[in-house]
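Keep in mind that the numbers below use all heavy atoms, side chains included, and drop hydrogens, waters and symmetry copies. Atoms within a ligand are numbered from 1 in the order they appear, just like the ligands themselves. Position 1 is the first residue of the sequence; numbering continues from there. All values derive from a computational prediction rather than experimental measurement.
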Amino acid sequence: MINKPNLLLDSRLAAAASLVRDGAVVADVGTDHGYLPIALLRERKISFAAASDLRRGPLRCAMTNAQKYGVQDSIRFYCTDGLEGIPLAALRVTDIVICGMGGQLISRILSECSYTQNGQIQLILQPMSAVEELRTYLAENGFAIREERIACSKNKLYQCIAARFDGASHFYTPAQLLLGKQILQRGAADPLFAPLLQKYIQKTQREFAGKSRGGDDTTKSQTLLTALIQIAKKEGIDYACTGIF
Ligand SMILES: C[S@@+](CC[C@H](N)C(=O)[O-])C[C@H]1O[C@@H](n2cnc3c(N)ncnc32)[C@H](O)[C@@H]1O
């Protein structure tokens, strides 16, 4: 590791990496370039990592990067779908990271791996889309959301979720499914909250308008929009600036 270049994660991956526990053994699913486990190993925050990808090209890139940053002896690579065939128990994996994929794909990968149904295992998830579907999957399948963070990278907003299995059913309102209970509790104290809320107000307004035009049922969109505007008012956030009111 000595005399190797440093690796700085962008804000999105840094937010996910900050949720990984000290001393963890990480499985990074869909690792692509491998930056997240490589940076955590370089910082000595984690001791060992398994990195998987469905495609050989990204995995080769991750292997090259692991060499470049001098951590190749602390990562094992798997060309596989999700967590399939990774010896999670033998490797004593404690934290499973899945970043940069759609919420539905993340849910599917989790549903195919019973190793995740253990309260000691932490999931760190960063969906690129369908964040409500992912929270619904977690709520309905016994996973408690323990921490949520907003990240902004290249002018795009992302949510990172840390969850663990507790076997209980969890209930979230439509606004909580979209924005996260913890993110909502912190509200405008987080400087990224206002832009995130404004983004979802705009998105919900577009959905509402699309459904209205198509003659579809608008009840769900309308209820969500009302809830989001109430939150904006409570937090003193300008929702008129979204340009749609
Ligand atoms: C957009 S990249 C995200 C890379 C990295 N995790 C990040 O957040 O920067 C998604 C990666 O997931 C991989 N991938 C897609 N579906 C997968 C699956 N079912 N199992 C494992 N990897 C998958 C893709 O090949 C790609 O390298």
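Remark: E112 CD is packed, more than 12 non-hydrogen atoms of other residues, nucleotides or ligands lying under 6.0 Å away. In the displayed structure, R186 atom CZ is contacted under 6.0 Å by more than 12 heavy atoms of other residues, nucleotides or ligands.
Annotation for ligand 1: atoms under 4.0 Å from non-hydrogen atoms of L13 are 7 (C), 8 (O), 9 (O). Listed by atom number, the atoms of ligand 1 under 4.0 Å from G82 heavy atoms are 18 (C), 19 (N), 20 (N), 21 (C).
In terms of N/O distances under 3.5 Å, ligand 1 is approached by G30. Ligand 1 has no N or O atom lying under 3.5 Å from any N or O atom of Q126, backbone or side chain. For ligand 1, the polar-atom distance check finds an N/O of R12 within less than 3.5 Å of one of the ligand's N/O atoms. Close N/O approach between H33 and ligand 1 is found [any backbone or side-chain N/O within under 3.5 Å]. Of the N or O atoms in L54, one or more lie within a sub-3.5 Å distance of an N or O in ligand 1. Every N/O-N/O distance between S52 and ligand 1 stays at or above 3.5 Å.
For the side chain to side chain contact (heavy atoms under 4.5 Å, CB included) with I124, the qualifying choice from V20, D28, L36 is V20, the only one to do so. Considering T219, D216, D217 in turn, D216 is the only one that fulfils the side chain to side chain contact (heavy atoms under 4.5 Å, CB included) rule with K211. Checked options L125, V29, L123; the residue passing with I106 is L125 (criterion: side chain to side chain contact (heavy atoms under 4.5 Å, CB included)).
Looking only at protein heavy atoms, the nearest one to atom 14 (N) of ligand 1 is M101 CE, 3.8 Å. Atom 2 (S) of ligand 1 has as its closest protein heavy atom D32 OD2, 3.7 Å.
Here L105 has side-chain heavy atoms under 4.0 Å from ligand 1, and that is the only part of it that gets that close.
Stacking of R12 on the aromatic ring of Y158 is recorded, both the 6.0 Å distance cut-off and the 45° axial limit being met.
What you find for D95 and L19 is that their closest heavy atoms are OD2-O, 4.3 Å.
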